[in-house]
Number of protein chains: 2
Amino acid sequence: MSLETDKLKKFITEQDKIALTVDCVVFGYDEHDKELKILLIKNEVPQFLGMWSLLGDLMKIDETIEDAANRILEYRTGLKDVYLEEVQSFSHPKRHPLGRVITIAYYALIKISDYELNVEKLDLEAKWFNINEIEEMAFDHKNILEVCHKRLQERLKERPVGFSLLPKKFTLQQIQNLYETVLQTELDKRNFRRKLKNLGLLKELEEIETEVAHRPARLYTFDYDKYTEMERKGRRFSL
Amino acid sequence: MSLETDKLKKFITEQDKIALTVDCVVFGYDEHDKELKILLIKNEVPQFLGMWSLLGDLMKIDETIEDAANRILEYRTGLKDVYLEEVQSFSHPKRHPLGRVITIAYYALIKISDYELNVEKLDLEAKWFNINEIEEMAFDHKNILEVCHKRLQERLKERPVGFSLLPKKFTLQQIQNLYETVLQTELDKRNFRRKLKNLGLLKELEEIETEVAHRPARLYTFDYDKYTEMERKGRRFSL
DNA sequence: GTATTTAGTGTTAAAAGTACACATAGCAGG
DNA sequence: CCTGCTATGTGTACTTTTAACACTAAATAC
């Protein structure tokens with residue numbers, strides 16, 4: 001049993017003590033396979049040894065929950081300033097075999113390419129899985145995953161979260177593929193592009209794709225400043 | 001200092017111990033004044049003595065967070081089966097003067113008339129306030145209130161939560177007034193009614209209003225079963 | 001029975017969404 | 001340099017939804 005597990009055990013065996021943890025569902029988008037993936041690590045708690053689980057940790061006494069989520073993400077991926085959203089708590093009294101552990105779930109959106117740059121320095125027990133490939137997970141993590149997945153799908157329609165899963169510069173086809181993958185639908189190219197243009201939130205760059213064996217597509221970036229302004233005025237994003 | 005406060009103090013002074021509480025923003029709709037109201041209680045913690053605060057309590061060891069929220073609501077209002085939604089956690093390290101207290105905020109929707117039936121048996125330190133009348137609150141409760149208020153406004157557009165604030169039988173005008181009050185907008189009567197009808201979720205009753213000094217309006221109920229069915233099929237509510 | 005008050009209803013114009021197909025730019029390979 | 005290949009990029013007609021707008025009808029009070 002690892003140091004982490006010892007610490008948790010010590011923490012929660014004191015009577016009436018409720019341990020508070022954070023768990024992150026880390027989503028990444030694999031452009032090549034057109035798959036939504038999540039990052040999991042090998043579990044260390046005896047009852048679930050060898051199973052895969054979300055990235056989580058005990059809260060520290062002097063940080064906010066969001067700080068804790070950021071700390072975990074930086075520790076496991078080397079990435080800072082990751083898109084994070086709190087989803088909900090999971091508090092069934094029997095959810096953790098070592099005792100009373102309540103967790104706050106977040107989902108995180110990262111650009112897989114950024115992650116790849118850091119991966120060598122890091123914990124090798126982490127692995128990307130296709131979202132539909134995962135059958136069993138430690139604790140109630142499968143449930144947490146499903147709730148967070150559903151939340152991501154809702155958010156994608158009403159907030160510009162998709163751009164956090166793509167490189168800074170992307171083609172219109174890439175966004176469409178992302179939407180089709182995450183929402184599990186097919187979208188009409190011309191209608192989708194019209195909607196995108198009407199948002200007025202994409203900056204058309206001078207650059208085009210490279211290293212493709214066909215006509216290269218134009219590159220765009222998402223204008224976060226303009227979006228913030230638009231949000232401030234109460235106008236809603238919708239795709 | 002009350003028993004509750006002693007207990008909390010004891011709880012959180014043990015080193016490294018993070019206390020976990022639940023706070024509920026209890027919304028009620030006053031049809032007469034056309035005002036959205038919230039239920040507050042007098043605070044007991046010395047630093048905020050006499051100020052008003054949300055309905056909250058320490059989590060117990062063997063309940064879920066939702067159980068705790070329901071327990072608090074029943075204790076303070078006498079009501080069971082209240083509409084509840086988890087909103088988010090509040091975890092700033094300095095948010096509570098007695099130590100490290102993290103809270104999970106819920107909002108609750110109740111029919112004020114149901115509450116009135118119970119009010120005599122209960123804690124007299126509770127009071128309804130107009131949502132815009134509240135200036136100062138204990139802890140970070142003003143902030144929690146604002147976040148929950150915003151959440152309610154979002155939900156009202158996309159989920160049939162408004163019906164939890166009205167009597168079981170209501171007139172079309174009553175719903176419209178509720179929407180106008182909560183969203184702080186004016187709505188077109190004919191367009192609003194058309195939308196309502198097209199939802200197909202209202203049951204027209206044989207009954208009509210009584211005790212009004214003019215033409216009485218027809219009464220309706222909301223068909224929760226049909227809504228559940230519609231939700232299951234992936235169709236979305238929108239008003 | 002007359003005045004008062006709120007209930008209840010339909011049409012038109014503008015905007016948004018949906019369905020649908022082909023010419024073109026750039027690369028690869030001979 | 002010419003041909004074939006592949007994915008890019010674009011417009012129009014139709015349907016549905018939203019938005020704006022005003023009067024008659026039903027019931028009560030006096």
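The analysis underlying the following values was restricted to heavy atoms, covering all of them including side chains, and did not include hydrogens, waters or symmetry mates. Numbered from 1 within each chain, the chains take letters A, B, ... in sequence-line order. Every value quoted in this text rests on a predicted model; they were computed, and no experiment measured them.
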Phosphate-side-chain proximity, A:Arg193 and D:dG9, N/O vs OP1/OP2 below 4.0 Å: yes
Integer-rounded Å distance: D:dT8 C1' and A:Phe170 CZ: 16 Å
Any N/O donor-acceptor pair, B:Arg218 side-chain to D:dA26 base, under 3.5 Å: no
Test item: side-chain donor near acceptor, A:Glu86 and B:Ser89, under 3.5 Å: yes
Between P of D:dT17 and CG of B:Leu239, the distance in whole Å: 14 Å
Distance in angstrom units between A:Asp188 CG and D:dG11 C1', rounded: 12 Å
Parallel, tilted or perpendicular: rings of B:Phe27 and B:Tyr107 (30°, 60°): perpendicular
Divergence of helical axes at both termini of the helix from C:dG1-D:dC30 to C:dG30-D:dC1 - five pairs an end, 10° steps: 10°
Distance, rounded to the nearest Å, where A:Asn177 contributes CG and D:dA7 contributes P: 11 Å
Euclidean distance, atom CD of residue A:Glu186 to atom P of C:dA19 [Å, nearest integer]: 12 Å
Test side-chain contact (heavy atoms from CB on, under 4.5 Å) applied to A:Leu109 and A:Val82, step by step: CA-CA 7 Å; A:Leu109 304 179; A:Val82 166; 5.8 Å; no
Integer-rounded Å distance: C:dA15 C1' and B:Asn191 CG: 14 Å
Check: B:Asp33 side chain, B:Glu35 main-chain N or O, donor-acceptor pair, under 3.5 Å: no
5' priority, DNA chain D, between A:Ala213 and A:Lys189 [closest heavy atom]: A:Ala213
A:Gln173 side-chain N/O to D:dA7 phosphate OP1/OP2 under 4.0 Å: no
Worked check of side-chain contact (heavy atoms from CB on, under 4.5 Å) between B:Ile104 and B:Phe90: CA-CA 6 Å; B:Ile104 311 289; B:Phe90 291 83; over 6 Å; no
Flag if over 12 foreign heavy atoms under 6.0 Å of NZ, A:Lys169: no
Side chain to side chain, A:Ile175 and A:Phe163, heavy atoms closer than 4.5 Å: yes
Nearest-nucleotide comparison on DNA chain C, the residue closer to the 5′ end among A:Arg215 and B:His214: B:His214
Flag, side chain of B:Arg218 to backbone of B:Leu205, donor-acceptor distance under 3.5 Å: yes
Atom-to-atom span, NZ of B:Lys34 to C1' of C:dT6 - whole angstrom: 11 Å
Nucleic acid contacts of residues 194-212 of chain B, taken as heavy-atom distances under 4.0 Å to DNA chain C: B:Arg194, B:Lys197
A:Phe129 six-ring face occupied by A:Lys127 cation (under 6.0 Å, within 45°): yes
Interatomic distance, B:Phe192 CZ vs D:dA20 C1' [rounded to whole Å]: 17 Å
